[in-house]
Every structure is written in C-alpha cells, then in structure tokens.
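Written out below as structure tokens is the structure these notes cover.
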Amino acid sequence: MTHSEDPNPTLNALAGHYKSIIHLLGEDPEREGLLKTPERVAKAMQFLTKGYDESPEEVLASAMFLEEGYKQMVIVKDIDFFSLCEHHLLPFFGKAHVAYIPNKYITGLSKIPRVVDIFARRLQIQERMTLQIKECIQKTLNPLGVMVVIEAQHMCMQMRGVSKQNSLTTTSDFTGFFQQAKTREEFMNLIKK
Ligand SMILES: [Zn+2]
C-alpha cells in the first residue's frame, strides 16, 4: 500500500477507546449490534464537540454592520441548544434567550444562534456557557448592554435521579444597561411564554 497513513487517526483512536469502554461496561463489543458502535459514538462525539474548532467572535464580526440610529433592545429568544456537561459527559439542553442594546453596531440575527451553538458544542457547564455568550457579544459588538438567559434540563441529574424529572435550571448574566432592574424586567417579560 502506498497510502498507509491513517486518514483520521483521532477518529480511530476514539473508536478504539469506546470499544474498550463497551467491554469494561460488561458488554461484548464483537456482537453484531455493537460492531459499528465505537465508530458511531466517536463520530457523534466529534460532532457534539465541534465548537472547539470554530470562532464565535468571527461569526459575529462576519455580519456586523454600522446602524447608528437603532438603540432599542434586540432580542433573539427560544434558541434551542444541546450541550454536554463536563462532569458526566451527559446532555444538557434547552433554550437560550439573548438581548442586546446596540451601540452603533448590530449583527445579523442568525449569528446569535450560531454563537450559542458554538459554545454549546463544547464540554460545558451551564453557568460558564451563559457567561461566555455574554462576553463574546460584549467584546465583539460593544453594545450598551447584553443579557443572556439559559433554561436547561440536565440529563446527569434527571437520569441519575438527582432531581425531579423535567426540572429546569435557569442561569442569567448581563452587562451595561441590564444592570437596571427595569431593563432586565422588560427582557424577562418579552421572553415569557
Ligand atoms: Zn453533569
């Protein structure tokens, strides 16, 4: 063979580890239903953590434009996201709501969900994800204020019986104008179902 080099060494190494894990969990990785599982899991995990290779700042900046007149709140709500908790590698998922008050610059509305997605597709904790989305928008668009609210269900709590089924964990973080309770209230009222 002239091309003996492994085209995807990381994927194959991951698959090898998952094969060991399946065996250590007491299963037979050679039985038919599990034969392709290590490779499938490796691919799934690479997809679920692909946010490491993407720059959320670049995504925002790519559609940033000058809009001096608009000083009202821009809200993108009910952004679905799926992440993995870094303590158990189990999913946590839910909705993110983002608001900012422009200071000359705005960004394309579709870019905010992209930013949420990039931070979600990393090993995360909900509190840090909330903070990172806030900081990314503050740093890139330099708005008069930004606020992020995340509501999520954590499978590591629900599946292990640590908390009641369907209980939601809510986190929020904000800067600038959102330090005023009135501004936060306006946003919270607008995202209510
Ligand atoms: Zn966890």
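Counting starts at 1 for both ligands and their atoms, in listed order.
Linking Ile, Leu, Val, Met, Phe, Trp and Tyr whenever their side-chain heavy atoms come within less than 4.5 Å leaves F187 and V148 in two separate clusters.
Side-chain atoms of P56 and F119, non-hydrogen and from C-beta on, do get closer than 4.5 Å to each other.
Among pairs with a residue in residues 57-72, those fulfilling salt bridge (charged side-chain N to carboxylate O under 4.0 Å, His left out) read E57-K139, at least two apart in sequence or across chains. Among residues at least two apart or in separate chains, ring-ring contact (aromatic ring centres under 6.0 Å, His included) pairs with a member in residues 129-176 are F92-H154. The ring-ring contact (aromatic ring centres under 6.0 Å, His included) contacts involving residues 40-62 comprise nothing, where partners must be two or more places apart or lie in separate chains.
Salt bridge status for E86 with R128: present, with a side-chain N to carboxylate O gap under 4.0 Å.
The Zn ion (ligand 1) has C85 SG, H88 ND1, C156 SG as its protein N, O or S neighbours under 2.8 Å.
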